[in-house]
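Every value quoted in this text rests on a predicted model; they were computed, and no experiment measured them. So that the names make sense, note that chain A is the first sequence line, chain B the second, and so on, each numbered from 1.
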There are 2 protein chains.
Amino acid sequence: MNIGIASEKSGLPSNTIRYYEDIGLLSPARTDNGYRDYSMADVHRLRFLQRSRSLGFSVDECRELLSLYHDKERESADVKAIAQARLIEIDRKIAELVGLRGLLHHLVEHCHGDERPDCPIIDELAGDGMVQ
Amino acid sequence: MNIGIASEKSGLPSNTIRYYEDIGLLSPARTDNGYRDYSMADVHRLRFLQRSRSLGFSVDECRELLSLYHDKERESADVKAIAQARLIEIDRKIAELVGLRGLLHHLVEHCHGDERPDCPIIDELAGDGMVQ
DNA sequence: GTTGACCTTCCATCAACCGGAAGCCTTAAC
DNA sequence: GTTAAGGCTTCCGGTTGATGGAAGGTCAAC
């Protein structure tokens, strides 16, 4: 099938699919006219990629997960390790954002937000604020 | 003062300071030998940028905040609007990550993580998992 | 005079694509 | 028969916010 159909079936834009081929994540057949020709296995692979990416795995992690997926000798511990690393990363990011949110919320709360120039947010950014 | 000192005083790497100049966020004087020559006002500006960036404002938002900072006629409402937009964005991002975390945590919990190939994480990515 | 630290500009690279240009292929309508 | 539309191809530049390196100029110390 052509790339447009593979795009529909996988939920990935054509450009992204070509990009994934570029970086070696799949290599579909070609028809006589030079068009990429996707099999159901290719589409399955693309959906695997789409799901992995949407869970926030990096492209390199996806590459690794794909190879584990096709490795019948794999140990589930290897897969779990990748997922756990991702989980730790997510927790770190959440903690960072929650901290930021606290600071910013505090500033926003204390800014009257009217036509006067006086503003604690700007004061904070300028270094003579109340936070710390 | 030279860029190295400005870097120390602002907490920004020299390369980043040059980059900020490139994109028009500041324009320090030059000495006869062509070296950048930073005033205390420049350093203040750099610290403003460092603080804004560390609160997660984009470079363009920083540009806007800087111009509001120097605008004595500014309305605090304008500053507040930028900060609130950033806050909404942070909340959106946190919600997204918390959702992801839930999914991933669920999968990790159900993976025994030993030497056997059987793995619900891979099953999920392959499309025959338990989530949904 | 030479070593070493610092400075300059310019360029390449990173992630993970996105969008556009120029051109070929196929099909259907007129 | 041709022409228009839509889909496909490759290639290239842009995005964000820097970061690191090469090649070379400057300056102070020894």
Side-chain angles (χ1 to χ4, degrees), chain A residues 1-39 42-43 45-46 48-66 85-86 89-90 93 96-97 100, chain B residues 1-39 42-43 45-66 85-86 89-90 93 96 100:
Chain A
M1 83 193 72
N2 280 353
I3 198 170
I5 313 293
S7 165
E8 261 176 49
K9 282 191 193 291
S10 65
L12 290 169
S14 304
N15 270 341
T16 300
I17 297 180
R18 290 195 197 95
Y19 171 68
Y20 285 170
E21 181 180 345
D22 246 35
I23 61 175
L25 288 177
L26 75 164
S27 39
R30 296 282 179 142
T31 57
D32 290 344
N33 59 17
Y35 286 17
R36 289 169 178 83
D37 186 19
Y38 296 89
S39 66
D42 289 324
V43 169
R45 206 174 164 84
L46 287 171
F48 186 101
L49 286 167
Q50 190 275 321
R51 285 193 202 91
S52 316
R53 288 288 300 130
S54 76
L55 279 174
F57 291 102
S58 73
V59 164
D60 271 353
E61 284 165 337
C62 291
R63 197 188 303 271
E64 209 168 339
L65 288 168
L66 261 180
R86 171 77 192 128
E89 186 55 28
I90 290 177
K93 191 70 190 172
E96 182 193 329
L97 286 176
L100 272 188
Chain B
M1 82 193 72
N2 280 353
I3 197 170
I5 313 294
S7 165
E8 262 176 49
K9 281 192 194 291
S10 65
L12 290 169
S14 305
N15 272 341
T16 300
I17 297 179
R18 290 195 196 94
Y19 170 68
Y20 284 170
E21 181 180 346
D22 245 34
I23 61 176
L25 287 177
L26 76 163
S27 38
R30 296 281 180 145
T31 56
D32 290 345
N33 58 17
Y35 285 17
R36 289 169 178 83
D37 185 20
Y38 296 89
S39 66
D42 288 323
V43 169
R45 205 172 165 86
L46 287 171
R47 291 191 62 79
F48 185 100
L49 285 167
Q50 190 275 322
R51 284 193 202 89
S52 314
R53 288 290 297 129
S54 77
L55 279 174
F57 290 102
S58 73
V59 164
D60 272 353
E61 283 166 337
C62 291
R63 195 188 305 271
E64 209 169 339
L65 288 168
L66 261 179
R86 172 79 191 125
E89 185 56 26
I90 290 178
K93 191 71 191 169
E96 182 192 331
L100 272 187

Partner set under side chain to side chain donor-acceptor pair (under 3.5 Å) for B:Ser39, not counting sequence neighbours: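 Residues passing side chain to side chain donor-acceptor pair (under 3.5 Å) with B:Ser39: B:Asp42.
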Counterpart residues, side chain to side chain donor-acceptor pair (under 3.5 Å), relative to A:Thr31 (two or more places apart):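 A:Thr31 satisfies side chain to side chain donor-acceptor pair (under 3.5 Å) with A:Asn33 only.
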Divergence of helical axes at both termini of the helix from C:dG1-D:dC30 to C:dC30-D:dG1 - five pairs an end, 10° steps: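 Terminal axis comparison yields 40°.
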Residue pair A:Lys93 / A:Ile90, side-chain heavy-atom distance below 4.5 Å: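 A:Lys93 vs A:Ile90: side chains apart.
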How far apart are the closest heavy atoms of [X] and [Y], and which atoms are they?
{"X": "B:Leu25", "Y": "B:Arg45", "result": "O-NE, 2.8 Å"}
{"X": "B:Phe48", "Y": "B:Leu66", "result": "CD2-CD2, 3.5 Å"}
{"X": "A:Leu12", "Y": "A:Ile17", "result": "O-CD1, 3.7 Å"}

Verdict with reasoning, B:Arg86 to B:Glu64, per salt bridge (Lys or Arg N to Asp or Glu O under 4.0 Å): CA-CA 13 Å; B:Arg86 172 79 191 125; B:Glu64 209 169 339; over 6 Å; no
Let me know the distance between [atom1] of [X] and [atom2] of [N], rounded to the nearest Å.
{"X": "B:Asp32", "N": "D:dT26", "atom1": "CG", "atom2": "P", "value": "12 Å"}
{"X": "B:Leu12", "N": "D:dA18", "atom1": "CG", "atom2": "C1'", "value": "11 Å"}
{"X": "B:Ile17", "N": "D:dG20", "atom1": "CD1", "atom2": "P", "value": "15 Å"}
{"X": "A:Tyr19", "N": "D:dG14", "atom1": "OH", "atom2": "P", "value": "18 Å"}

Summary of protein contacts for nucleotides 3-13 of chain D, nucleotide by nucleotide, where a base hit scores B, a sugar-phosphate-only hit scores S (4.0 Å, heavy atoms): ----BSBB---
Of all pairs that satisfy side chain to side chain donor-acceptor pair (under 3.5 Å), the ones with a partner from residues 3-15 of chain A, not counting sequence neighbours: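 Non-adjacent pairs meeting side chain to side chain donor-acceptor pair (under 3.5 Å): A:Asn15-A:Arg18.
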B:Asp37 side-chain N/O to B:Arg30 backbone N/O, donor-acceptor pair under 3.5 Å: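 Answer holds: no.
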Heavy-atom donor-acceptor pair, A:Arg53 side chain to A:Cys62 backbone, under 3.5 Å: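 Flag not set: sc A:Arg53 to bb A:Cys62 has no pair under 3.5 Å.
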Where chain A begins and ends its contact with DNA chain C, read 5' to 3' at 4.0 Å from heavy atoms: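 Boundary nucleotides touching chain A, in 5' to 3' order, are C:dA16 to C:dT26.
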